[in-house]
Amino acid sequence: MATLADWLARIEKQHPRAIDMGLERVREVAARMGLGRPAKQVITVAGTNGKGSTVAFIEAIARSAGWRSGAYTSPHLLAYNERVRIDGSDAVDDALVEAFEAVEAARGATPLTYFEHGTLAALWLFERAGLDLAILEVGLGGRLDATNVVDPDVAVITTVDVDHQDWLGEDREAIGREKAGVARGWRPLVLGDDDPPSSVLRHAYAIGASALRIGCDFFFEPPPPEGGHWRWREVGYELELPMPALAAPVQLRNAAVAIAALRALPAPPKPLPASAIATGMATAVVAGRLQRFERDGVSVLVDVGHNPQAARALAEWLRAQPAAGRTRAVYAALDDKDAAGVVTALAEEIHDWFLAGLEDAGARGSGVDALAVRLAGTAAAAGRRNADVATALAAALAGAQAGDRILVFGSFHTVAAALQVLR
């Protein structure tokens, strides 16, 4: 019998391209599989940044309320099983293998990408799990993403910024149009941007989606300087909540969006008490989002931030949490990312740069020398070059003193390599 590793290797080679935007193939195979609704209610989460954290908040709150929930996320860090969670637990190998077999039996000669195959497998598992709520994280864009074969009861767009330009367009307006494709007519569309692209609002208006905007239809207020609770409110309803377990100021925004999405569900399967929302705030966790480790008095933070918008959020957190000593950065990025823009956003908060290659990250990975060329003229250009993330992290730790901190970031591949060392 084929193992999960066998199946992952097989589906990775099944389609000639890693990314092939479009829903025709997925719809065709889903129909052959007889796939129905993956849960009583569905929330689909799109956005440039904050998707994973928002999914984690939605899942934690729903489970605290006693809802049986499933979450489909991507990419994974250490094991594929992380992508499919049912009732708070990662899917086991045997279940994933059974799901992949079901997809394979139905697809016939229809080629599927790695992500498409995995999405159909997750939906197959969710449908059989008797879920109250399924939370689907968009892989790329929205309109043509495989998750969009499911009609969500609530759609979410966390943020819109410039990323994946080769697939989504060169500016926020074009990218917004793609992400807005997850919205459905006469259903809620929750927007986490203070100033969403006009393309998103036009599309919502055109199809009759009910846009719920942060700062207009729901609000969040940080705690006072001396600490305490933060506030979430909408007309006629207000909450005082503990600070999220997830670090960084941006997580309040993600948490606020998650609450709005759950409260917007047209037919919630069970009540959503304030106590469940508070518990979800305190218990939601997701690896690789300012995840902290300690090594001999040196704080090591790992974060998947990989574009300028995410880098600006990281810079805001570093400023708000000054270190006693120096801040050192271990940075490795994929070829299609705006590496110079990322470094520029963080330059004032970093004292020492350690660059690393990602040669084992597939077609989008490259060596450290190529990264250094892309960073010419930036604060990181003269950073110490290392063949891989593990070597760069060792070098940063070797020169660090108690009170220093090390930020390891730049991609999911970067964080995965760091976690292999730190764990």
Exercise: identify the closest heavy-atom pair between P269 and K40: CB-CD, 4.4 Å
In the structure I gave you, are the side-chain heavy atoms of R83 and P75 within less than 4.5 Å of one another anywhere? yes
Using 4.0 Å as the upper bound for N to carboxylate O, is an ion pair formed by R172 and D193? yes
Between D132 and R68, does at least one N-O distance fall below 4.0 Å, as a salt bridge requires? no
Min side-chain heavy-atom separation Q41-W67 under 4.5 Å: no
Under a 3.5 Å cutoff, is there a donor and acceptor pairing between the side chains of S411 and R364? no
Below 4.0 angstrom, N of the basic side chain to O of the carboxylate: do D151 and R37 qualify? no
Minimal non-hydrogen separation, A329 against I350, with atom names: CB-CG2, 3.6 Å
So, do Y331 and F354 have ring centers that fall under 6.0 Å from each other? no
With the side chain counted from C-beta on, respond yes when T73 and E82 share a heavy-atom pair under 4.5 Å apart, and no when they do not. no
Evaluate the side-chain proximity of R423 to L78: yes if any heavy-atom separation is below 4.5 Å, no if none is. yes
Flag side-chain contact, heavy atom, 4.5 Å: R319 against E349: yes
Is any side-chain heavy atom of F126 less than 4.5 Å from a side-chain heavy atom of L136? yes
List the atom of T54, the atom of T158, and the distance in Å for their closest heavy-atom pair. OG1-CG2, 3.5 Å
Student check: side-chain heavy atoms of T414 and F409 closer than 4.5 Å: no
So do the side chains of L123 and V149 get within less than 4.5 Å of each other, counting heavy atoms only? yes
Please name the pair of heavy atoms, one in R289 and one in V286, separated by the smallest distance, quoted to 0.1 Å. NH1-CG2, 3.5 Å
